[in-house]
> 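Next up is a structure, given as structure tokens.
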Amino acid sequence: MRKVIITGITGQDGSYLAEFLLKKGYEVYGIIRRSSSFHTGRIDHLYKDPHEQPRLKLVYGDLSDGSNLASLVAEIQPDEVYNLGAQSHVRVSFDMPIYTVNVDALGTLRLLDAVTKLHKPVRFYQASSSEMYGKVIETPQTETTPFYPRSPYACGKVYSFYQTVNYREAYGLFACNGILFNHESPRRGETFVTRKITRAATRIKLGLQDKLFLGNLDAKRDWGYAGDYIEAMWMMLQQDQPDDYVIATGQTYSVREFLDEVFGHLDLDWQSFVEIDHRYYRPTEVDLLLGDASKAQKILGWEPKVGFRDLAKLMTESDLELAKREKILQDHEMQTR
Ligand code: NAP
Ligand code: GDD
């Protein structure tokens, strides 16, 4: 049975990737951080599934601890490693630049080093990001577009990108960078803008909240569906040769347009509920991202299945169900007071 290690298994992408790899018959080792409260909500359904559970193993580790990563890699002897773990919030990286770079940049190096010391053929995936294009030099962005990072997060990801390329070239490691543009889902963290909007809009619809505070509404992103994007990660590691690929939809929309879509779906006018809070602005912004994934389409045969409107709709409908459950609980509490 092929073994994989996933860092960041408790996150959005890690949870979809674990689901996908278990279905393919892999034994999946997820590295999780110790936390004072439960944070495995996105993978609990896999643990409860009697078919998947025996092949899903969670081990404690942290990208800031190289010796722990080296022991885990040596013990597990993986065939594939997916490095998805990161402090992934761009705005937060301005508040915690040193921690972010320790985990997102040096963490990758620690893992690459541990994997290379195994002396067996291992395939390595690095979660690189469209944020690396930052203040974009050309549009659309491709694998050859120069990087111009605009945050501590993006600088850390550029470092990891080049270490991954260097381990491929210097040590012959089968290592790939997936340069993924923004991808979202009902499992998206609630402080990223799409999920923040779908959570708030559906709560407003049910009378659980009356305002939504946001930052820059003019930023444009190439938004895809996480479920589609994790398939591309796996495809990269199944090729004959390692390489780097842009994964994107080829369409870009503003935060404002996402608001139109979500509030429109709920028959609400967002202008009546949204207020601007400058705390959500970034010291340096990435104004426009638009990816060209034609290399991935040609070589991997990958293309996105879910477009912008369907993505907004599926996230809104999922959060509406969540808000309904919250409303029932709230009504019940009021009645029993
Ligand atoms: P996410 O939901 O924020 O998940 C991040 C994961 O990393 C969580 O499992 C988190 O664990 C883990 N993590 C954080 N700090 C860690 C540490 N010190 N050691 C080990 N694990 C740690 O992120 P995502 O959206 O799934 O993204 C996955 C990866 O792709 C990230 O590297 C992100 O930077 C990159 N990426 C994301 C996008 C996107 O649009 N989603 C686009 C391009 C690249 P806890 O649960 O304990 O916090
Ligand atoms: N989070 C957030 N909260 N963003 C806001 C808000 C708000 O209240 N108001 C406006 N925005 C704008 C941000 O300024 C940014 O331009 C855009 O919405 C998207 O922000 P996020 O959803 O936080 O995502 P991101 O693009 O900064 O980063 C995500 O995508 C990257 C790939 O390009 C993250 O998932 C990164 O980890 C990932 O690498």
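In each ligand, atom 1 is the first atom listed, and ligand 1 is the first ligand listed. Source: prediction; values computed, not measured.
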> Does the N or O separation between Gln87 and ligand 1 drop below 3.5 Å for any pair?
no
> Does any N or O atom in Trp223 lie less than 3.5 angstrom from one in ligand 2, N or O only?
no
> Note the single closest protein heavy atom to atom 15 (C) of ligand 2, along with its residue, its atom name and the distance in Å.
Arg221 NH2, 3.4 Å
> Compute the shortest N/O to N/O distance between Leu180 and ligand 1 and return yes if it is under 3.5 Å, no if not.
no
> Heavy-atom distance to atom 7 (C) of ligand 2: which of Glu184, Lys196, Lys157 wins?
Lys196
> Which residue owns the protein heavy atom closest to atom 39 (C) of ligand 1, what's the atom, and how far is it?
His183 CE1, 3.3 Å
> Output yes when the distance from some N or O of ligand 1 to some N or O of Ser129 is under 3.5 Å, and no in every other case.
no
> Please write down residue, atom name and distance for the protein heavy atom closest to atom 38 (C) of ligand 2.
Tyr153 OH, 3.5 Å
> I want to confirm something. Looking only at heavy atoms, which of Arg188, Arg256, Glu131 is nearest to atom 35 (O) of ligand 2?
Arg188
> Which residue and non-hydrogen atom of the protein lie closest to atom 12 (C) of ligand 2, and at what distance in Å?
Asn216 O, 3.8 Å
> If we count only N and O atoms by modelled type, under 3.5 Å, do the side chains of Glu80 and Tyr82 hold a donor and an acceptor together?
yes
> Nearest protein heavy-atom contact for atom 10 (C) of ligand 1: which residue, which atom, what distance?
Thr10 OG1, 4.0 Å
> Closest by any non-hydrogen atom to atom 24 (O) of ligand 2: pick that one out of Asn182, Leu214, Val90, Val92.
Asn182
> Taking the side chain as C-beta and beyond, is there a heavy-atom pair between Leu111 and Phe124 under 4.5 Å?
yes
> Could you tell me whether the side chains of Asp222 and Thr249 share a donor-acceptor contact shorter than 3.5 Å?
yes
> If the contact criterion is a heavy-atom separation under 4.0 Å, does Lys157 count as touching ligand 1?
yes
> Does any N or O of ligand 1 fall below 3.5 Å from an N or O anywhere on Phe192, backbone included?
no
> To the nearest 0.1 Å, how far is atom 41 (N) of ligand 1 from its closest protein heavy atom, and which atom is that?
Arg188 NH1, 3.2 Å
> For the 3.5 Å polar cut-off, considering only N or O atoms, please tell me whether Asn182 and ligand 1 meet it.
no
> Below the 3.5 angstrom mark, is there an N/O of Thr194, backbone or side chain, next to an N/O of ligand 2?
no
> Is the closest heavy atom of Tyr229 to ligand 1 under 4.0 Å?
no
> Which residue owns the protein heavy atom closest to atom 27 (O) of ligand 1, what's the atom, and how far is it?
Asp13 OD2, 3.8 Å
> Ring centroid separation for Phe258 and Trp270, is it under 6.0 angstrom?
no
> With only distance considered, is Ser88 within less than 3.5 Å of ligand 1 through an N or O on each side?
yes
> Could you please spell out the steps behind the side chain to side chain contact (heavy atoms under 4.5 Å, CB included) verdict for Leu109 and Tyr159?
CA-CA 9 Å; Leu109 179 60; Tyr159 175 90; 3.2 Å; yes
> With atom 23 (O) of ligand 2 as the reference point, say which of Lys220, Gln87, Arg282 has the nearest heavy atom.
Arg282
> If you measure every N or O of Gly215 against every N or O of ligand 2, does any of those distances drop under 3.5 Å?
yes
> Among all the protein's non-hydrogen atoms, which is closest to atom 30 (O) of ligand 1, and how far away is it?
Ala127 CB, 3.4 Å
> Determine whether the side chain, the backbone, both or neither of Arg33 has a heavy atom under 4.0 Å from any heavy atom of ligand 1.
side chain
> Identify the protein heavy atom lying closest to atom 14 (O) of ligand 2, giving its residue, its atom name and the separation to 0.1 Å.
Glu285 OE2, 2.6 Å
> Can you figure out which of Val274, Leu259, Val193, Asp218 has its heavy atom closest to atom 18 (O) of ligand 2?
Val193
> What's the shortest distance from atom 33 (C) of ligand 1 to any protein heavy atom, and which residue and atom give it?
Tyr153 OH, 3.6 Å
> Between Ser130 and ligand 2, is there a nitrogen or oxygen pair with a distance under 3.5 Å?
yes
> What is the closest protein heavy atom to atom 5 (C) of ligand 1, and at what distance does it sit?
Ala86 O, 3.6 Å
> Can you report which non-hydrogen protein atom sits closest to atom 1 (N) of ligand 2, along with the distance?
Thr191 O, 2.9 Å
> At a non-hydrogen distance cut-off of under 4.0 Å, which region of Leu289 contacts ligand 2 (side chain, backbone, both, or neither)?
side chain
> What protein heavy atom is closest to atom 6 (C) of ligand 1, reported as residue, atom name and distance in Å?
Gly8 CA, 3.5 Å
> Would Ser128 count as a polar contact of ligand 1, with the cut-off being nitrogen or oxygen pairs under 3.5 Å?
no
> Report, in ascending order of atom number, the atoms of ligand 2 lying under 4.0 Å from any heavy atom of Ser129.
31 (C), 32 (C), 33 (O), 38 (C), 39 (O)
